[in-house]
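Only one structure is covered here, and it is reproduced in the block below.
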Amino acid sequence: MSVSTASRPSALQAWMLAIRPKTLPAGAMPVVIGSALAAADGVFRPLPALVALICALGIQIATNFINEIYDFRKGADTAERLGPTRTVAAGIISERTMTRVSITLGVSVFVLGLYLVAIGGWPILLIGVLSLLFAWAYTGGPFPIAYSGLGDVFVFIFFGLVAVGGTYYVQALSLPMPVLVAAAAPGAFSVCILLVNNIRDIATDRKVGKMTLPARIGAPAARALYVALTVLAYAVPFWLVVRAGYSPWSLLSLVSLPLAVGMVRTLYASEGRALNAVLAGTGKVLTVHGVLFSLGLVIANIISIVRP
């Protein structure tokens with residue numbers, strides 16, 4: 001797969017394609033939610049929260065870059081692929097350049113993350129090392145996670161439990177159970193994003209032996225899993241209010257429910273390239289739900305400050 005000289009994007013456009021901005025909410029929202037939980041619990045620290053956000057986005061982007069490299073090497077990004085253009089496979093960015101940038105980004109994230117290690121100690125160091133290892137092992141190495149059908153499990157863990165829990169920990173130096181329950185919401189939506197991507201690519205993935213979860217269980221079961229995970233994400237605020245004692249304002253996230261229902265309907269009505277709109281839409285659901293959930297967690301504190 002290649003791009004003609006006439007249609008070749010600019011350098012900025014090429015790197016934006018490689019960064020995949022529509023996937024970045026999966027990296028940002030868990031940090032926002034973790035910080036909102038810290039604020040609700042009175043332990044918010046702005047600088048660790050900001051550094052955690054930068055590191056999370058850096059790891060997300062590095063994962064996307066490494067994915068381009070290894071999917072190109074394994075022949076997964078062919079002209080038959082229905083998703084957005086992949087810059088390495090299309091010859092827009094060379095494999096060598098992408099490799100060099102990926103390594104530089106990974107090292108930069110690690111160095112910046114040492115600030116968080118200084119705060120949180122060895123648990124944060126372990127999280128950082130495992131996150132960077134996951135960024136590589138997702139499509140790289142002898143047993144790539146994305147090709148095994150286990151990618152969804154790892155996405156739930158790292159873009160849910162690890163990201164939210166780690167963000168909270170570097171601010172509070174503790175990790176109560178409600179934080180991990182709250183982490184299930186962004187984790188579930190992140191898996192939904194991956195499911196849509198892989199439902200779209202079932203045919204081409206099977207041809208190259210990329211046995212993602214949808215490639216293994218089929219599109220109908222994968223769509224049903226998308227629905228189940230969406231229900232899980234919306235159940236989380238109820239649990240926090242009823243069982244953990246958080247403010248009923250946490251239910252503000254329910255305002256995004258019509259958007260989520262619309263995405264489910266579109267998912268069941270779409271095939272092939274049309275699923276790209278569902279992929280972007282699921283990212284929007286994650287973002288809107290996460291912003292409203294976070295606002296709901298802190299709004300009681302804001303009201304108490306504003307009132308005399």
Query raised in the report: Does I202 belong to the same Ile/Leu/Val/Met/Phe/Trp/Tyr cluster as L194, with side-chain heavy atoms less than 4.5 Å apart forming each link?
Result: no
Report summary line: Heavy-atom nearest pair, L57 first then G27, reads CD2-C, 4.3 Å
Query raised in the report: Looking at N64 and A18, what are the two nearest heavy atoms and their distance?
Result: CB-O, 3.6 Å
Query raised in the report: Same hydrophobic cluster for V111 and V129, using side-chain heavy-atom links shorter than 4.5 Å among ILVMFWY?
Result: no
Requested in this report: Quick one: do S247 and L297 satisfy side-chain contact (heavy atoms from CB on, under 4.5 Å)? Show the steps, please.
Outcome: CA-CA 7 Å; S247 167; L297 286 166; over 6 Å; no
Report task. May I ask you to test the Y147-D205 pair for a side-chain heavy-atom distance under 4.5 Å? Result -> no
Query raised in the report: Quick one: are V227 and Y268 in side-chain contact, heavy atoms under 4.5 Å?
Result: yes
Query raised in the report: How close do S35 and A49 get, heavy atom to heavy atom, and via which atoms?
Result: OG-CB, 3.4 Å
Query - Non-hydrogen side-chain atoms of P21 and M16 separated by less than 4.5 Å - result: yes
Report task. Spell out, as yes or no, whether a donor-acceptor pair under 3.5 Å connects the side chain of S270 to the backbone of L267. Result -> no
Query - Geometric class of the F134/F154 ring pair [parallel <30°, tilted 30-60°, perpendicular >60°] - result: parallel
Report task. Give a yes-or-no answer on whether the side chains of Y168 and D41 include a donor-acceptor pair shorter than 3.5 Å. Result -> yes
Query raised in the report: Does any N or O in the side chain of S256 come within less than 3.5 Å of the main-chain N or O of L259, such that one atom is a donor and the other an acceptor?
Result: no
Requested in this report: Following the transitive rule for hydrophobic clusters with a side-chain heavy-atom cut-off under 4.5 Å over Ile, Leu, Val, Met, Phe, Trp and Tyr, establish whether L232 and V242 coincide in one cluster.
Outcome: no
**Report entry** Steps toward salt bridge (Lys or Arg N to Asp or Glu O under 4.0 Å) verdict (D71, K210)
**Finding:** CA-CA 9 Å; D71 274 355; K210 187 176 183 180; 3.1 Å; yes
Requested in this report: Determine whether more than 12 heavy atoms belonging to other residues, nucleotides or ligands lie under 6.0 Å from atom CZ of R206.
Outcome: yes
Query raised in the report: Under a 4.5 Å side-chain heavy-atom rule over Ile, Leu, Val, Met, Phe, Trp and Tyr, are I103 and V109 clustered together?
Result: no
Report task. Indicate the atoms forming the closest heavy-atom contact of N198 with P214, along with that distance. Result -> CB-CG, 3.6 Å
**Report entry** Student check: side-chain heavy atoms of V51 and L112 closer than 4.5 Å
**Finding:** yes
Query - Residue pair Y169 / S174, side-chain heavy-atom distance below 4.5 Å - result: no
Requested in this report: State, with a plain yes or no, whether a side-chain heavy atom of H289 is found less than 4.5 Å away from one of Y234.
Outcome: yes
Requested in this report: Check A52 against T167 and note the closest heavy-atom contact, atom names and distance.
Outcome: CB-OG1, 4.1 Å
Query raised in the report: Hey, mind stepping through R45 and I119 against side-chain contact (heavy atoms from CB on, under 4.5 Å) and telling me if it holds?
Result: CA-CA 11 Å; R45 296 179 62 187; I119 295 173; 3.7 Å; yes
Query - Trace of the side-chain contact (heavy atoms from CB on, under 4.5 Å) decision for L195 with L229 - result: CA-CA 10 Å; L195 284 172; L229 289 169; 3.9 Å; yes
Report task. Begin with the C-alpha distance, continue with both residues' side-chain angles, and end with the deciding distance and a verdict on side-chain contact (heavy atoms from CB on, under 4.5 Å) for W249 and V298. Result -> CA-CA 8 Å; W249 280 106; V298 303; over 6 Å; no
Requested in this report: Kindly state whether the ring of W15 and the ring of F65 have centres lying under 6.0 angstrom apart.
Outcome: yes
Requested in this report: Decide yes or no for V261 and M263: does some side-chain heavy atom of the first lie under 4.5 Å from some side-chain heavy atom of the second?
Outcome: no
Report task. Tell me, please, whether Y70 has R73 positioned over its six-membered ring: NZ or CZ under 6.0 Å from the ring centre and within 45 degrees of its axis? Result -> yes
Report summary line: Scanning both residues in full, the closest heavy-atom pair of T230 with C192 reads OG1-SG, 3.9 Å
Query raised in the report: Any side-chain heavy-atom pair from E68 and E95 closer than 4.5 angstrom?
Result: no
Query raised in the report: Linking I/L/V/M/F/W/Y whenever any side-chain heavy atoms sit under 4.5 Å apart, do L286 and I19 land together?
Result: yes
